[in-house]
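Data first, discussion second: the structure below is written as structure tokens.
Proteins come first, then strands; the chains are lettered A, B, ... in the order of their sequence lines, and each starts at number 1. Side-chain atoms are counted along with the backbone in the values below, which use heavy atoms only and exclude waters and symmetry mates.
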There are 2 protein chains.
Amino acid sequence: MFILYLNLMKKKTTIYDIAKEVGLTAATVSRALNNNPKISEKTRKLVQETAKKMNYEQNTLARALKSGKSYNVGVIVPRMDSNFFASVIRGIEEELYPKGYHVIICQTHDQENLETGNINSLLNAQVDGILMSISNAKSKSNVFDSIAQKKVPLIFFDRKKEIPGVSSVTIDDFNGAYQATKHLIEQGCKRIAHLSNNRSLEIFKNRYLGYKQAIIDHGLEFDESLVIETFSKVLEGRKTVKKLLKMKNPPDAIFSSSDFSALGAIQEIKDHGLRIPEDISVVGFSNEPFTKFMELSITSVDQSPIEMGRIAAKVFLKEVDSKTPKKESEKIVLQPELIIRDSSLKVKSEASA
Amino acid sequence: MFILYLNLMKKKTTIYDIAKEVGLTAATVSRALNNNPKISEKTRKLVQETAKKMNYEQNTLARALKSGKSYNVGVIVPRMDSNFFASVIRGIEEELYPKGYHVIICQTHDQENLETGNINSLLNAQVDGILMSISNAKSKSNVFDSIAQKKVPLIFFDRKKEIPGVSSVTIDDFNGAYQATKHLIEQGCKRIAHLSNNRSLEIFKNRYLGYKQAIIDHGLEFDESLVIETFSKVLEGRKTVKKLLKMKNPPDAIFSSSDFSALGAIQEIKDHGLRIPEDISVVGFSNEPFTKFMELSITSVDQSPIEMGRIAAKVFLKEVDSKTPKKESEKIVLQPELIIRDSSLKVKSEASA
DNA sequence: AAAATTAATGTAATCGATTACACAAGTATA
DNA sequence: TATACTTGTGTAATCGATTACATTAATTTT
């Protein structure tokens, strides 16, 4: 009986409990806790100290219901076990946690139905904003309409889609690819293949275009048959390179739009008894940690993911706090950095001379 | 003016709007939507169809406030850019999404203050449960007391701490380590070193104990100087192995409690011009994808992380739905599987004969 | 046909915090 | 001293959904 009583007593303290304790009303307590300037210093102190004594904690659900804000933000990524996305998320967290937001992470595994489902359930969970990297640019856009309708800020990072009024934070994929390809050309490569990917996504289209432009700008012949669309998976990279090596006139370099397929490429090349980088040079994209730790380290393009996440979060904060519904969308483009490693370095850099 | 009006009209439809539309009360609408048996078939249909027509969506915050459930579950991991934790989370999601729960993921980066902070903010966000892998077993347990006080189900996975009444899902680390060590012995290794880790965590203590027992059971000399505590990082593995190789009587095998330090070990061994597995065999732990994809693939212990996540989620569901406050805690232990690869396979298996 | 059930819906309180508006007491101004 | 501000609190509605407890109408039982 006594235990039961104690049990019931464990209910969370509310502002009403505090009000009763200090002999004021809940309204005053609420104002005191929120540092409303209309409250006298004496009352504020009394209330805040009593609140602490009584282990008061604000019921965020009630606040959310009243204010219409949940302080939850949805983040949607294709997958989170790649260092790139994990790092973007870390950047977002670093920026948002100090402001009292929580982050709900969803993975689409590149499936459109999961993407749509995630968006809907995030909206339903009353998130205050959605930061996402889309999986498929061809997906029906009515989900995006419903985000807009609810006036939930939407920010794209890395993989975006052109939607009027929606901000984005991306890297200059064209330039990253251009640099990578130029580097291969400078190493003496003449027939550079490109492992592309779903080009309905801007990132892959731009990597393709940057690659192509570098080839053309340096007077090499652009051969469309050296461009193959594949997936960002080790085994897919292997399969694709197997095909390339069967050509009568095989490539002497591979620029992959993904580190994972670059790794597969390297495995396949070695299996064919060819040397890297002497016979075939390889460059990947994303600077995943393994590229550095391989026995044969892989040249790759760094995308500064943590910074990308932080900036995306900052854009969200700006949009969510702005009272003006007529927001201008921001398009922020970061510059990538080519990290040169074993898999492509044939010529000693002039710097070492 | 008209646009402003349309804008205001965009407010979400509530059960009151539906009630007005069909000429009933909100209570009836609520019941009809929840398939309460007291509602007539005709009304139920009418209400549900009207709801659909009006694009009604339940306000989860209101439901949460009333019911005391947020349908959010917190998941705390040291980091999520390891395949192991990412996969556990995927398993949790697979089990929880269909039940209408959302998952809030927090990372501790192995810092105690972040761990405590995450727990507090999850509790404050009214999560219905916390699934976690602890970072530091020595951390003050008052945070755990506050979880218990709030009657929020807590389930440990992988890295647990002994707390009365708290369930856990782990793997048999002792056995995993025993199998790995036994395998090395069967390959002819005599001086097996162990890259250990913070042994205040049960997982690392048990891997150490399994290793030790296998050594003893097979009549080898147990040499404490071959056990070195390090961190689950590539560079830490390198550093540690550098020390081991300087010994007057260096090891002929390394059993690492982590794939990452195993990778560092391999790099360091190769840098010393030694052959793997001929001179030194290496076995890791966790079966991270890279262990399979390395040029020299790495033998490792698989922990079936997706299953671990699914089971942890199921335990949570059972606890959260149980009305009985006197819950028995469950301790579920999964069996690991040794995956033998290049880094330790000197002797051709008899099966191939 | 009166009494007792059953079925379907309505009334109103509730979850906890916020806030527009009202009001009283104190201070400043004319 | 009467009038006009301040300052600090209280009152009560609100956010949207749920649910114990009426209440009414329809059906069954005796």
Side-chain angles (χ1 to χ4, degrees), chain A residues 8 10-48 50-51 54-72 100 123-126 128 150-151, chain B residues 8 10-48 50-51 54-72 100 123-128 150-151 323:
Chain A
L8 290 174
K10 265 182 195 162
K11 298 215 71 175
K12 291 192 66 158
T13 41
T14 70
I15 53 173
Y16 296 93
D17 302 328
I18 300 175
K20 206 175 288 174
E21 184 69 21
V22 299
L24 291 167
T25 60
T28 306
V29 171
S30 170
R31 284 187 274 248
L33 292 172
N34 289 301
N35 290 313
N36 183 312
K38 293 215 153 185
I39 296 298
S40 70
E41 194 51 44
K42 210 176 78 185
T43 307
R44 184 199 328 287
K45 245 189 179 164
L46 173 64
V47 168
Q48 295 190 345
T50 312
M54 298 177 77
N55 288 316
Y56 169 75
E57 277 174 349
Q58 194 189 44
N59 181 323
T60 51
L61 292 176
R63 152 141 88 37
L65 177 61
K66 189 69 172 87
S67 68
K69 283 194 69 174
S70 67
Y71 280 91
N72 276 149
L123 288 176
N124 198 38
Q126 323 271 119
D128 296 342
K150 299 195 177 177
K151 298 189 186 146
Chain B
L8 291 172
K10 266 181 195 163
K11 299 215 71 174
K12 292 190 66 158
T13 40
T14 71
I15 53 172
Y16 296 93
D17 302 328
I18 300 176
K20 206 175 289 172
E21 184 70 20
V22 299
L24 292 167
T25 60
T28 308
V29 171
S30 171
R31 283 186 277 247
L33 291 173
N34 289 302
N35 290 313
N36 184 310
K38 293 216 155 187
I39 294 299
S40 71
E41 194 51 44
K42 210 176 79 184
T43 307
R44 183 199 327 285
K45 243 187 179 169
L46 174 65
V47 168
Q48 295 191 344
T50 311
M54 298 177 76
N55 289 317
Y56 170 75
E57 277 174 349
Q58 195 190 42
N59 182 322
T60 51
L61 293 175
R63 154 142 87 37
L65 176 60
K66 189 67 172 83
S67 68
K69 284 191 70 174
S70 67
Y71 280 92
N72 277 148
L123 289 175
N124 198 39
Q126 323 271 122
V127 292
D128 296 341
K150 300 198 178 179
K151 298 189 187 148
K323 310 294 172 196

Counting only side-chain N and O atoms of [X], is one of them less than 4.0 Å from OP1 or OP2 of [N]?
X: A/Thr43; N: D/dT9; value: yes
X: B/Asn34; N: D/dA17; value: no
X: A/Thr25; N: D/dG10; value: yes

Pair of N/O donor and acceptor under 3.5 Å linking D/dG8 base with A/Arg44 side chain: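 No, no donor-acceptor pair under 3.5 Å.
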Residue closer to the 5' end of DNA chain D, B/Thr28 versus A/Tyr16 (nearest nucleotide):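 Its nearest nucleotide lies further toward 5', so the answer is A/Tyr16.
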5' priority, DNA chain D, between B/Glu57 and A/Lys38 [closest heavy atom]: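 The answer here is A/Lys38.
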With sugar-phosphate meaning primed atoms plus P, OP1 and OP2, does [X] contact a base, only sugar-phosphate, or nothing at under 4.0 Å between heavy atoms?
X: B/Leu33; result: nothing
X: A/Ser67; result: nothing
X: A/Thr14; result: sugar-phosphate
X: B/Ser40; result: sugar-phosphate

Rounded distance (Å) that lies between atom C1' of C/dA12 and atom NZ of B/Lys66: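 The answer, rounded to whole Å, is 12 Å.
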Side chain of [X] only, heavy atoms from C-beta on: which candidate in [options] is closest?
X: B/Ala27; options: C/dT18, C/dA20, C/dT11; answer: C/dT11
X: A/Leu65; options: D/dT9, C/dG16, C/dT18; answer: C/dG16
X: B/Arg31; options: C/dT18, D/dT9, C/dT11; answer: C/dT11

B/Leu24 vs A/Gln58, nearer the 5' end of DNA chain C by closest nucleotide: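 It is B/Leu24, whose closest nucleotide lies nearer the 5' terminus.
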Close side-chain approach of A/Thr60 to A/Tyr71, heavy-atom, < 4.5 Å: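 Heavy-atom side-chain distance check fails, nothing below 4.5 Å.
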Drop me the distance from [X]'s [atom1] to [Y]'s [atom2], to the nearest 0.5 angstrom.
X: A/Leu33; Y: A/Ile39; atom1: CG; atom2: CD1; answer: 10.0 Å
X: A/Thr28; Y: A/Leu46; atom1: OG1; atom2: CG; answer: 11.0 Å
X: A/Arg63; Y: B/Leu61; atom1: CZ; atom2: CG; answer: 11.0 Å

Pair A/Asn59-B/Leu65, side chain to side chain contact (heavy atoms under 4.5 Å, CB included): steps then yes or no: CA-CA 9 Å; A/Asn59 181 323; B/Leu65 176 60; 4.1 Å; yes
